[in-house]
Amino acid sequence: MVREGLFSMLLETRPIFKNREFLRPSYTPEELPHRDSQIHQLARILAAPLRGETPSNILIYGKTGTGKTASVKYVTRELEKVSDRSPLKVKLVYINCEEVNTKYRILATLANTFLEKLRCSRDAVELPESVPMTGWPTDEVYKCFFRAMDGEKQLAVIVLDEIDKLVLKSGDEVLYNLTRMNSDLKNSKVSIIGISNDLNFMNYLDPRVRSSLSEEELVFHPYNALQLKDILEKRAKISFVDGVIEDGVISLCAANAAREHGDARRALDLLRVAGELAERQGDEKVSVDHVRRAYEKIEQDKMVEVIKTLPSQSKLVLYSIVILMERMPRSIVSGEVYSVYRDLCSQAGLDVLTQRRVGDLISELDLLGVISAKIVSKGRQGRTKEIKLNVHPTQVMAAIQGEQLVTIDTLKLSRQLTLV
DNA sequence: AATCCACAGGAAGCCCGGGAAC
DNA sequence: GTTCCCGGGCTTCCTGTGGATT
């Protein structure tokens, strides 16, 4: 009976999504509304080398979700299409500097990209098959990349996304090498597109790199609520079944994201999660209520991610707070947290930090928004911090579970012991 | 008004690991 | 390989503090 009901429910419920992939950040849309001027500017700069001019390097600024990456991917994709009919072939290399963030790895990635291309077109005896991801001297990798690239007449467009992360971690040396290449290359040309969230990262650069890298600068301003609404409507049309979105849903998503520095990615996430919540509940339409709950879910998920990346001592402090929460839902004070924490440490066989240090860890948790702490004075009972948990205890538990130092068995054990 | 609690949080310095320079 | 330097995590020691209680 139950099974029959289960399946009939699934079959009877009308689907909500046509294709939810269009709402994911990985999707590069066919058209990018409200980015026409930036796209034209980009295209104009990148088209110059096809006419034989020396390419300019481009630096793109803008906060997250303002369409920087999508615009660059869109324009470079079009450029590659056109280059088939042009005498100068265009080769695009996209590198996300959050993952590839050292000089060696950048050069190795570039070298391997061009070696592979060269191998396809003709055999290059004097060059190696590929560069290992570790081991070689860095200048050897550079030479290899240089020769592999110059082996053919082409324009290399190197996109360095999140370039600020690279500079912060490994300095600007590799950028210096790349920006100087054009003067040494005989056959090919290179054009660098740097994408950055951080407007100040240029201050960390060598002046020569700075001027060369920012021959052309493009700024992507945040979208306003109206623009976000327009973007969402276009995307919703292709990703949702017609008529499943109730009035006000898109406006609410747009308004929400506009408040958070006009982040389109966030607006799309909100809409997608709202749709998924509606789908999971078997509702036929996406309502503003779904959006509100989606907002909460996204916030909570973000928190779980934050907790997962916490060092184990901080996790232990947080876990102490959870134990106290379950024991007595009234206010928790820092002294209690410390004594529970000490118990947990001895149970788990971990070093016990001093109260001073745990106080700092509590402040850090507060800063991250995982807890709220405020200083209260209780007269003769002294001055302390009153702590409130901002995440549901079960979510904290879920986030901590993978921790190796604190196995869940130890936690359960110590929980029983402290519960006396 | 004075006292005193139970911490908060600043200052200084130790220790250790990682990276750069020699 | 060794030395030097730096930054982060941590401890020790310390002073400061709001308000209930005396």
Side-chain angles (χ1 to χ4, degrees), chain A residues 97-109 132-142 163-177 198 200-201 203-206 208-209 305-325 327-390 399-400 403-406 418:
Chain A
C97 300
E98 196 170 19
E99 296 148 27
V100 185
N101 55 10
T102 63
K103 185 183 176 187
Y104 186 96
R105 294 183 63 199
I106 297 264
L107 290 174
T109 307
M133 282 324 270
T134 175
W136 282 20
T138 313
D139 57 338
E140 200 65 37
V141 181
Y142 175 78
I163 193 171
D164 44 321
K165 303 262 166 65
L166 169 72
V167 174
L168 213 65
K169 174 138 195 291
S170 314
D172 58 2
E173 210 186 327
V174 65
L175 297 179
Y176 181 71
N177 290 341
D198 181 5
N200 297 318
F201 98 100
N203 299 334
Y204 307 116
L205 293 179
D206 182 302
R208 285 171 297 181
V209 178
E305 254 338 281
V306 168
I307 295 169
K308 273 186 184 161
T309 55
L310 246 31
S312 38
Q313 288 286 6
S314 296
K315 281 182 182 156
L316 216 53
V317 171
L318 184 59
Y319 185 60
S320 310
I321 296 169
V322 171
I323 288 174
L324 283 164
M325 264 277 289
R327 217 158 93 182
M328 39 193 175
R330 62 168 180 81
S331 63
I332 300 164
V333 295
S334 49
E336 294 170 335
V337 174
Y338 186 65
S339 58
V340 173
Y341 160 82
R342 235 183 9 212
D343 282 359
L344 282 177
C345 279
S346 52
Q347 295 302 322
L350 286 168
D351 294 342
V352 185
L353 301 182
T354 56
Q355 185 151 14
R356 177 72 189 83
R357 179 65 190 141
V358 170
D360 279 346
L361 294 182
I362 290 174
S363 301
E364 279 168 24
L365 290 174
D366 185 18
L367 217 63
L368 288 169
V370 182
I371 60 171
S372 304
K374 76 165 192 265
I375 300 165
V376 287
S377 189
K378 297 186 173 178
R380 269 270 159 103
Q381 270 75 257
R383 240 155 76 93
T384 183
K385 258 185 180 168
E386 238 176 40
I387 294 163
K388 253 175 46 206
L389 195 60
N390 290 342
I400 298 180
E403 187 68 11
Q404 286 175 340
L405 287 168
V406 189
T418 21

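We name chains A, B, ... by the order of the sequence lines, and we start the count at 1 in each one.
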Would you classify Gly335(A) as touching base, sugar-phosphate or nothing, given that sugar-phosphate means primed atoms plus P, OP1 and OP2, and contacts are heavy atoms under 4.0 Å? sugar-phosphate
Take Lys378(A) and Arg356(A), find for each the nucleotide of DNA chain B with the closest heavy atom, and name the residue whose nucleotide sits nearer the 5' end. Lys378(A)
Below 3.5 Å, can you tabulate the donor-acceptor pairs from side chains in residues 364-375 of chain A to any protein atom, sequence neighbours excluded?
from	atom 1	to	atom 2	distance (Å)
Asp366(A)	OD1	Ala373(A)	N	3.4
Ser372(A)	OG	Asn390(A)	OD1	3.0
Ser372(A)	OG	Asn390(A)	ND2	3.0

State whether the side chain of Gln313(A) and the backbone N or O of Asp351(A) hold a donor-acceptor pair below 3.5 Å, judged by distance alone. yes
If you measure from CD1 on Ile323(A) to CG on Leu344(A), what distance do you get to the nearest 0.5 Å? 4.5 Å
Decide yes or no on side chain to side chain contact (heavy atoms under 4.5 Å, CB included) for Ile163(A) and Leu175(A), but give the supporting numbers first. CA-CA 10 Å; Ile163(A) 193 171; Leu175(A) 297 179; 3.9 Å; yes
Interatomic spacing from CD1 in Ile106(A) to SG in Cys97(A) - rounded to 0.5 Å: 4.0 Å
Test item: Tyr176(A) side-chain N/O and Arg208(A) main-chain N/O as donor-acceptor pair under 3.5 Å: no
Separation between CD of Gln355(A) and CD1 of Ile362(A), rounded to the nearest 0.5 Å: 8.5 Å
Contact boundaries on DNA chain C for chain A, cut-off under 4.0 Å to non-hydrogen atoms: dG9(C) to dT22(C)
What's the spacing between Leu316(A) CG and Asp343(A) CG if we round to 0.5 Å? 10.5 Å
Of all nucleotides in DNA chain B with an atom under 4.0 Å from a non-hydrogen atom of chain A, which is the first and which the last going 5' to 3'? dT3(B) to dG10(B)
Between Arg357(A) and Gln381(A), which has a closest nucleotide on DNA chain C that is more 5'? Arg357(A)
Look at all strands and tell whether Val352(A) reaches a base, only sugar-phosphate, or nothing, counting heavy atoms closer than 4.0 Å. sugar-phosphate
